[in-house]
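Below: one structure, written as structure tokens.
Each chain gets a letter, A, B and so on, in the order its sequence line appears, and its residues count up from 1.
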Protein chains: 2
Amino acid sequence: MKKIANFTTQKWKIMSESIKGKYEIRTNPNVSVDCVVFGFDGTELKVLLVQRVLRDNLDIEDDTLVLPGDLIIDDEDLDEAASRILRRLTGIKNIFLEQVGAFGSPDRLSKERDREWLEAVRVRPEARVITIGYFALINIQNYKIRPAGFAKHLEWRDYHTVEELGFDHNEILNCAILKLRDKLYREPIGFKLLPAKFSLHQLYTLYNEIMDAEIDRRNFRRRMLKTGFIKETDEYQEGVPHKPARLYTFVQKEFENVSKNNFKFY
Amino acid sequence: MKKIANFTTQKWKIMSESIKGKYEIRTNPNVSVDCVVFGFDGTELKVLLVQRVLRDNLDIEDDTLVLPGDLIIDDEDLDEAASRILRRLTGIKNIFLEQVGAFGSPDRLSKERDREWLEAVRVRPEARVITIGYFALINIQNYKIRPAGFAKHLEWRDYHTVEELGFDHNEILNCAILKLRDKLYREPIGFKLLPAKFSLHQLYTLYNEIMDAEIDRRNFRRRMLKTGFIKETDEYQEGVPHKPARLYTFVQKEFENVSKNNFKFY
DNA sequence: TTTCAAAGTGTATTTTTTACACTAAGTTTG
DNA sequence: CAAACTTAGTGTAAAAAATACACTTTGAAA
């Protein structure tokens, strides 16, 4: 009964004529996207989190961290929605996002904190929302993040220290890390987390960190070089308090040529 | 403008009080699921397709084939929705369905044929619908399929002869087959397509068919047996016009014990 | 000049993957 | 009832890949 009322009667009508409503009309009340953006600082795997705040500057006490995400617009593709929302909240653009999956537990929005926030922000706070998870890998240094929209504050959080997030975002994050491990095992994507020129040690550290394993250093180096996807440059590390390592780059072209079917990356 | 009208005004209200409306009220207009059910007849990989017909027996000329799917109900989990819808349309129940991903192109419902059908069947035919794809493997012989709901007719179609389906269902099917290949490579799931007792030749044929490859027969046999997941029985094929093959069974228990991480199944 | 920290390098062993061809057993056909 | 047909069933050798493992080098900092 309550749900019907919200669809049909006064409340909706008023909303749809208000300024908020004007925004919300184009917005699909039932579908959102959430983005898991991974970064790497040389030692730790990081995730980009948002401290949410209300639109219109109404200020509720709420320091809950969430993944950057929002409702989709009715005529935009899911992938576009993910890009748009990430750009709006964090300023990150032109980034490759890949779908992780759909998350649609009926009680995924039912924590009290989350409900308060929805009540304050959404035109139809009670609506069933399923969300599509996306994930991306970026080189932290290449992107300047700046909070916007309802993102009060942005934070690169160590993956291992992430605590309880809003909504079902821990679950989404968890699926994303599994996907990341899976892809890292099979495709040369570790590079995306590193500067264009990187040392093999950086790459090695990254693999160890993400795979949560201790790979043999010499074998790792051999295998990586054997793939042919990374080429040495003439440059070396500078300003390090030890023997400077040679820097390498990833050669996309080589990878394109390989049959991607049974390819194992390490 | 048109969209707002559909949300707010008379049409919706009338609908919500009609019998159709009563069903639709609980239904979420923006989210559906579609199921790719694979079977195997001993030679060919099959997909279960539905020839759609209107609810309420209004009969529009439409022989378009689609995947079994429908809108979700507002308070049910996505997985439950997939089970329910598959059961309602085909009678198949207690089946393991796994998510393939979300499909949300804004024009995924825009073919003319599809629009006609939506207009006739849906309360909000113009609504943006994103769909969540699921896939499942079953042993054809174990399930009696019977059309119900808007399924006028059900059909086990050879995977290779599938032509243009309604909506974006070719795309969903395509993602599902990729997922199937990927899983078949890594997990012992081929058994699900076979009777409880099967010959190694049946399994071999299945792998060849799905992987679209020619695997070495002897090596295949050796590797399968080495996994320890399949155990020989005392039974043999009967009524075959050649030397009868020994039958084997899949032993789930053995698989549970193995670290599933880097496991390669063949 | 010594110490520290990471860079860089090769080999032997084991394991896994691949390629490959004949005999066995039951059914059907002439 | 013998021959032909069809699939079942079996082993080995060679190649490739994965693993385990320890010392020297280089530059900066103390």
Side-chain angles (χ1 to χ4, degrees), chain A residues 40-44 184-186 188 194-195 197-209 211 213-249 258-259 261-266, chain B residues 40-44 184-186 188 194-195 197-209 211 213-249 258-259 261-266:
Chain A
F40 185 66
D41 68 356
T43 314
E44 304 270 0
L184 196 59
Y185 187 69
R186 236 183 294 294
L194 295 175
K197 294 179 181 173
F198 53 87
S199 72
L200 288 179
H201 180 73
Q202 285 178 291
L203 192 59
Y204 171 75
T205 313
L206 185 155
Y207 268 77
N208 272 315
E209 162 78 2
M211 297 311 241
E214 290 197 30
I215 304 166
D216 181 277
R217 229 176 88 242
R218 277 185 284 185
N219 294 337
F220 176 82
R221 171 180 283 261
R222 177 185 17 242
R223 265 180 294 187
M224 280 295 155
L225 292 175
K226 202 180 55 172
T227 64
F229 303 152
I230 61 182
K231 291 271 184 283
E232 61 178 39
T233 69
D234 296 335
E235 295 175 52
Y236 292 82
Q237 284 181 311
E238 284 173 23
V240 287
H242 54 75
K243 179 175 176 179
R246 185 188 280 274
L247 300 181
Y248 293 79
T249 56
V258 167
S259 99
N261 275 359
N262 284 12
F263 176 62
K264 280 157 231 150
F265 193 51
Y266 96 76
Chain B
F40 185 67
D41 68 358
T43 313
E44 304 271 1
L184 197 60
Y185 188 69
R186 235 183 294 295
L194 295 176
K197 295 180 181 174
F198 53 87
S199 71
L200 288 179
H201 181 73
Q202 285 178 291
L203 192 60
Y204 172 74
T205 312
L206 186 154
Y207 268 77
N208 272 317
E209 162 78 3
M211 297 311 242
E214 291 195 31
I215 304 166
D216 182 276
R217 230 175 86 241
R218 277 186 283 188
N219 293 337
F220 177 81
R221 172 180 281 263
R222 180 185 16 244
R223 264 179 296 188
M224 280 296 154
L225 292 174
K226 202 179 57 171
T227 63
F229 303 153
I230 62 182
K231 291 270 185 281
E232 61 179 38
T233 69
D234 297 334
E235 295 175 52
Y236 291 82
Q237 283 181 314
E238 284 173 23
V240 286
H242 54 74
K243 178 175 175 179
R246 185 187 278 275
L247 301 181
Y248 293 79
T249 55
V258 166
S259 100
N261 275 359
N262 283 13
F263 176 63
K264 279 158 232 147
F265 193 51
Y266 94 78

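- Thr43(A) places none of its side-chain heavy atoms less than 4.5 Å from the side chain of Glu209(A).
- Distance, Gln237(A) CD to dA28(D) C1': 13 Å, rounded to whole Å.
- Nearest-nucleotide mapping onto DNA chain C: of Leu200(A) and His242(A), the residue sitting toward the 5' end is His242(A).
- Mapping Pro244(A) and Asn219(A) onto DNA chain C by nearest heavy atom places Pro244(A) closer to the 5' end of the strand.
- Spacing between atom CG of Leu247(B) and atom P of dA8(D) amounts to 11 Å, rounded to whole angstrom units.
- The base of dG9(D) has none of its N or O atoms less than 3.5 Å from a complementary donor or acceptor on the side chain of Arg222(B).
- An OP1 or OP2 oxygen of dC21(D) is reached within less than 4.0 angstrom by no side-chain nitrogen or oxygen of Arg218(A).
- A heavy-atom distance below 4.5 Å is found between the side chains of Leu184(B) and Tyr207(B).
- As rounded to whole Å, 13 Å separates atom P of dT17(C) from atom CD1 of Ile215(B).
- With contacts defined as side-chain heavy-atom distances shorter than 4.5 Å, the pair Gln237(B)/Arg246(B) does not qualify.
- Residue Pro188(B) comes nearest to Phe229(B) through the heavy atom pair CG-CD1, 4.0 Å, listed as atom of the first residue, atom of the second, then distance.
- Not a single donor-acceptor contact under 3.5 angstrom links the side-chain atoms of Asp216(A) to the base of dA18(D).
- Taking atom NZ of residue Lys226(A) and atom C1' of nucleotide dG10(C), one finds them 15 Å apart after rounding to whole Å.
- The minimum heavy-atom distance between Ile215(A) and Phe220(A), with the atom names listed, is CG2-CB, 3.8 Å.
- Between the NZ atom of Lys243(A) and the P atom of dC23(D) there is a distance of 17 Å, rounded to whole Å.
- The NE2-P distance, from His201(A) to dT9(C), rounds to 16 Å in whole Å.
- For Arg223(B) and dT10(D), the CZ to C1' distance is 16 Å, given to the nearest whole Å.
- Among the atoms of the strands shown, base atoms are found under 4.0 Å from some heavy atom of Arg221(A).
- Distance, Tyr236(B) OH to dT6(D) P: 23 Å, rounded to whole Å.
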